[in-house]
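Right, one structure below, let's go through it.
What you see below is based on every heavy atom in this structure, not just the backbone, and it leaves out hydrogens, waters and symmetry mates.
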Amino acid sequence: MGSSADHGGAGGRGKKQGSQLWKKALLHSCLCFVMGFFTGFAPSSVSDWTSAAVSAGGVGSSHVVRALQTAAGGAVNRSLLAHGGSVGGAGLLDAATPRPLLVVVTTTESAPAASGERAAALTRMAHTLRLAPPPLLWVVVEAAPDVPATARLLRATGLMYRHLTYKDNFTAADAAAGKERHHQRNVALGHIEHHRLAGVVLFAGLGDVFDLRFFDQLRQISAFGAWPVATMARGERKVVVRGPACSASAVAGWFSRDYGANGTAAATTARPPEVDAHGFAFNSSVLWDPERWGRYPTSEPDKSQDSMKFVQQVVLEDFSKVKGIPSDCSEVMVWHVDSTAPSSSS
């Protein structure tokens, strides 16, 4: 009797525990269903939430940005900084406004004596240009026989570049007189004009040294820009500074100052026959300006058909279009090392 009663009690307790487990499972399923049902009505992304907040509460976009920055731990700030901007309206505007393209034209020497130094000079220039903010296009011009070695070097620079060549032959006397460099610059300007490469064009020699702030100043040029250049010649203990004389950022004339080995300076204010190629830059749109071809009489065809002579002549003729760099032209930001002889066209 006692034994059968014990078995009956154990069976009742087992049925009671099974019923409780079934009720817990049912309750758990109902809770999951209710949570999933209401989750379906929630916004699917942060952008939905911000737009709903703006439309419902009248919250301005700047408040939403600050709210997102606080909630996301500064993620918005990091994203804007990665695009060159900052938090706020000014940063968003800077990110939406791209910088002008800077087209840097570099000429080379085809003389055998210069070929050994070309690779080192190009490598140094590449390291300099990599420090300049993008976008930047490096246009390198050289004679056809020197192309293979330079092409390998340019591919390893990590810069955006155009490698131009020509088949014209120049004697050592032509190269010393600057005729080859002048031809190379015209080759580059013809390429820029043909492909409508809109930007600011700068002639950078392999012996040039730049202040890094200079590249930011260049992008402010709307037509032409000019600046003082300190020229140093190998084997001579003197420095010649040539460039524009400015009133604020407006060019009022030109000057040349020769600092000799004894520290004395001889100055002149005479206008040079042509502006130093290392001392000016211009907006490339002037190359395909329709007014260019009617600017000079037919008796002077070279000034309109020769692109390099054309831009040099315009800089000297019309000061109103030339912006002084820096604003008062009182600081030298470009140094040119002349490996041949002191010359304004080197």
Side-chain angles (χ1 to χ4, degrees), residues 90 94 97 99-105 132-133 185 189 198-205 208-233 238-260 263-287 289 291-292 295-296 303-304 307-338 342-346:
D94 292 342
T97 305
R99 298 188 186 95
L101 174 67
L102 186 59
V103 183
V104 181
V105 176
R185 291 178 183 128
L189 295 182
V200 178
V201 180
L202 166 71
F203 298 103
D208 290 357
V209 179
F210 301 99
D211 187 318
L212 289 179
R213 297 171 298 164
F214 174 68
F215 296 105
D216 292 326
Q217 298 270 352
L218 284 177
R219 290 191 163 95
Q220 300 175 15
I221 295 175
S222 58
F224 295 90
W227 52 85
V229 178
T231 301
M232 298 159 283
K238 69 175 184 178
V239 177
V240 179
V241 180
R242 300 186 183 94
C246 301
S247 175
S249 61
V251 174
W254 299 86
F255 77 94
S256 177
R257 184 165 295 176
D258 190 343
Y259 294 89
T264 60
T268 177
T269 57
R271 178 180 296 191
E274 65 179 25
V275 64
D276 188 349
H278 303 271
F280 80 98
F282 63 97
N283 193 300
S284 61
S285 61
V286 303
L287 293 174
D289 184 357
E291 296 182 0
R292 168 185 174 182
R295 187 179 182 90
Y296 297 102
K303 290 186 179 179
S304 59
S307 296
M308 190 63 194
K309 288 184 179 180
F310 168 72
V311 293
Q312 286 178 309
Q313 188 70 19
V314 174
V315 171
L316 288 176
E317 284 185 352
D318 195 349
F319 291 165
S320 63
K321 296 182 179 179
V322 184
K323 172 183 173 61
I325 296 177
S327 59
D328 56 356
C329 301
S330 62
E331 185 178 358
V332 175
M333 306 184 79
V334 179
W335 294 262
H336 172 62
V337 180
D338 190 353
S343 173
S344 61
S345 61
S346 61

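Here the CZ atom belonging to Arg242 is positioned 10.5 Å from the NE2 atom belonging to His278, to the nearest 0.5 angstrom. Note that CG of Leu202 is 8.0 Å distant from CG of Asp208, once rounded to the nearest 0.5 Å. For the atom pair CZ (Phe282) and OG (Ser222), the distance works out to 13.5 Å, reported to the nearest 0.5 Å. The CD1 atom of Ile221 sits 8.5 Å away from the CG atom of Asn283 when rounded to the nearest 0.5 Å. The structure places CG of Asp318 at 11.5 Å from CD of Gln313, a figure rounded to the nearest 0.5 Å.
Residues Val239 and Trp335 are not in side-chain contact: their nearest non-hydrogen atoms beyond the backbone lie 4.5 Å or more apart. Contact annotation: the side chain of Val241 approaches that of Tyr259 to within less than 4.5 Å [non-hydrogen atoms, C-beta and beyond]. For the pair Leu287 and Val311, the minimum side-chain heavy-atom distance is below 4.5 Å. In this structure the side chain of Trp227 never reaches within 4.5 angstrom of the side chain of Met333, judged on heavy atoms.
Residues in residues 209-228 take part in these salt bridge (charged side-chain N to carboxylate O under 4.0 Å, His left out) pairs, two or more places apart or across chains: Asp211-Arg213, Arg213-Glu331.
The minimum heavy-atom distance between Ile325 and Cys329, with the atom names listed, is N-SG, 4.0 Å. Here the shortest heavy-atom pairing between Gln312 and Ala277 reads NE2-N, 4.3 Å. Contact record, Ala226 with Trp254: CB-CH2, 3.8 Å, taken as the closest heavy-atom pair. Between Ala198 and Ser284, the closest heavy-atom pair is CA-OG, 3.3 Å. What you find for Gly324 and Cys246 is that their closest heavy atoms are CA-SG, 3.9 Å. Between Phe319 and Ala252, the shortest heavy-atom contact is CE1-O, 3.7 Å.
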Stepwise, does the side-chain contact (heavy atoms from CB on, under 4.5 Å) test hold for Leu189 with Phe203?
-> CA-CA 10 Å; Leu189 295 182; Phe203 298 103; 3.9 Å; yes
Intermediate values then yes/no, ring-ring contact (aromatic ring centres under 6.0 Å, His included), Phe280 and Phe224 | CA-CA 7 Å; Phe280 80 98; Phe224 295 90; 7.4 Å; no
Test side-chain contact (heavy atoms from CB on, under 4.5 Å) on Val314 and Val286 and set out the steps.
-> CA-CA 10 Å; Val314 174; Val286 303; over 6 Å; no
